Amino acid sequence: MRIGILGAGQLGRMLALDGYPLGQRFTLYDPSGKPSAGVGDVIPDQEGLRLKEFLAAVDCVTYEFEHLPYPMVEKIGRHRPVYPPAGALRVCQNRALEKQTFHDLGIPTAPFRIVNSAAELQNATAILGCPVVAKSVTEGYDGKGQAVLRRPEDAHKAWAQIGHSQLVVESFVKFRRELSIIAVRGIDGETVCYPMAENMHADGILRFSVAPAPDMDDATQKRAEEMIQLLLKELDYVGTLALELFETDKGLLANEMAPRVHNSGHWTQDGAVTSQFENHVRAITGLPLGNTDERCPTCMVNIIGETGDLKDLLKLPYARLHLYDKEPRPGRKLGHVNICADSYEELGWRAANVASLLPGSPEFHYSTR
Ligand code: AMP
């Protein structure tokens, strides 16, 4: 099939790289003017004049980022099948709708309120109890558009700093660790889930994912699968969905979801039988889904801002480098390294070694140890 991808960044690149062995073709539509995918046929279109040409070149359409104009995706859906469906995109690109969907499905979250002014933010902060996290309803990612409030009186400053007309404000969760579950649903409703990953962030950016999350009990994995299945069904979902969770003393709380392949699933390229990218391609083209079992304990280390000299890293027999062919810039995701090991102990040593070779990387640590 001829697959169209909205967006031409690293996720589009990795979708294509894992879709080629299945005999698929890729055309990437780039509204940003800065395509970096480096594979497939790229249609740059900052002016929005080449959509027709893009649609003529593809049989179905998917996307690699969720901050797309909803009317455009809806319009595309009238000409070609769009997976995941535009309705799922609408929910995922608005934190208020997303939180409300979790709530309506009985998926637990931190207590939250939706506020439309600084005064409402102050009031909600007093009701929820400090500290709280305020987040813009739209456009936030990697911790952007967010502020932690330690007193209700911080509301006016936080409101001005975030600079949006609507915010979600929620209790600050004292989590044990951050987890994510990734699931894939086919056109026929077949669903598969990956083992959960444990995720470590610094400055709001993911730095390490370890999968399967160490010390994970079957009941918690099963609970996460139940939560994501509810979402897949509700959204009539097709493709890969990621759900970010907090593990707390009282169980799992949902934080947010992403309607696409996800950074916390990059470990599947080397650590799972079928990668999240291949399974996304299988799902949207109506193919049977691939096995999601892990091959071994795996750690994904993100390369952020600069790569440094990668020669020493390339000499390591256990490290697999994935570069995105992007210009270095502070805070930018330039690539990642997947590390496989026979035990978590060995994985810890190997991940620490890889992190020490990457400039600016925090030291490797598990959030639980
Ligand atoms: P988000 O953009 O919602 O994924 O938030 C980015 C990061 O901020 C998360 O991965 C957490 O580390 C942290 N965070 C977000 N919401 C909360 C919360 N309610 N309580 C504690 N930490 C949070």
Side-chain angles (χ1 to χ4, degrees), residues 11 65-67 91-103 107-115 121 124-152 154-155 158 161-164 166-182 196-211 213 224 227-228 231 241-267 300-302 304 331 333 362 364-368:
L11 300 180
F65 69 120
E66 59 270 42
H67 301 295
V91 173
C92 294
Q93 62 184 201
N94 183 303
R95 279 189 200 273
L97 266 179
E98 183 181 61
K99 280 268 166 8
Q100 199 56 48
T101 303
F102 292 153
H103 184 261
I107 296 173
T109 64
F112 71 93
R113 296 281 187 286
I114 293 157
V115 296
L121 175 60
T125 304
I127 292 168
L128 291 168
C130 287
V132 296
V133 188
K135 304 176 179 181
S136 65
V137 158
T138 54
E139 288 155 38
Y141 65 96
D142 284 349
K144 293 189 177 67
Q146 297 193 11
V148 176
L149 284 75
R150 308 207 173 274
R151 308 169 309 154
D154 295 341
Q161 183 200 317
I162 297 173
H164 275 257
Q166 191 174 58
L167 309 181
V168 168
V169 52
E170 61 191 45
S171 298
F172 192 91
V173 178
K174 287 197 197 79
F175 51 80
R176 250 190 258 154
R177 57 178 169 175
E178 293 189 70
L179 300 168
S180 57
I181 180 141
I182 291 178
M196 271 195 280
E198 175 178 323
N199 303 317
M200 283 70 84
H201 298 84
D203 301 325
I205 301 180
L206 181 68
R207 302 305 301 229
F208 306 104
S209 287
V210 174
M227 289 180 178
I228 202 163
L231 290 162
L241 178 70
L243 176 63
E244 294 183 34
L245 299 154
F246 298 128
E247 188 178 38
T248 74
D249 294 342
K250 293 188 188 124
L252 296 175
L253 299 178
N255 177 32
E256 65 173 2
M257 58 182 167
R260 53 173 167 78
V261 287
H262 194 252
N263 196 172
S264 71
H266 291 2
W267 69 273
M300 189 278 321
V301 184
N302 263 340
I304 311 284
K333 291 178 180 168
F364 174 76
H365 64 283
Y366 292 106
S367 40
T368 39

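Just so you know, ligand 1 is whichever comes first in the structure, and atom 1 is the first atom listed for that ligand. This one's a predicted model, so the numbers in the text were calculated from it and none came from an experiment. Start at 1 with the first residue, then count along the sequence.
- The side-chain hydrogen bond (donor to acceptor under 3.5 Å, both in side chains) test applied to His201 returns Glu178, not counting sequence neighbours.
- For Lys135 and Glu256, the salt-bridge test fails: no basic side-chain N is under 4.0 Å from an acidic carboxylate O.
- Listed by chain and residue number, Asn94, Ile114, Val137, Gln166, Val168 satisfy the side chain to side chain contact (heavy atoms under 4.5 Å, CB included) test with Ala96 (two or more places apart in sequence, or in another chain).
- The shortest N/O to N/O separation between Val173 and ligand 1 falls below 3.5 Å.
- At least one heavy atom of Arg95 sits under 4.0 Å from some atom of ligand 1.
- The ligand atoms of ligand 1 that sit less than 4.0 angstrom from a heavy atom of Glu244 are 4 (O).
- The Phe175 neighbourhood of ligand 1 comprises atoms 21 (C), 22 (N), with distances under 4.0 Å to a heavy atom of that residue.
- In this structure, the side chains of Thr138 and Gln93 stay at 4.5 Å or more apart for every pair of heavy atoms.
- Taking a cut-off of under 4.0 Å to the non-hydrogen atoms of Glu178, the atoms of ligand 1 that pass are 9 (C), 10 (O), 11 (C), 12 (O).
- Taking the side chain as every heavy atom from C-beta outward, Ile228 and Met257 never approach each other to under 4.5 Å.
- Using a 4.0 Å cut-off between heavy atoms, Val133 contacts ligand 1 through its side chain alone, with no backbone atom that close.
- Atom CZ of Phe102 and atom CG of Leu231 lie 5.5 Å apart (nearest 0.5 Å).
- Within the 4.5 Å cutoff, the side chain of Met227 has no heavy atoms near those of the Ile181 side chain.
- Only the side chain of Asn255 comes within contact range of ligand 1, with a heavy atom under 4.0 Å; no backbone atom does.
- Which parts of ligand 1 touch Glu170 is read off a 4.0 Å heavy-atom cut-off, strictly below it: atoms 16 (N), 17 (C), 18 (C), 19 (N).
- When each atom of ligand 1 is checked for a heavy atom of His201 under 4.0 Å away, the hits are 10 (O).
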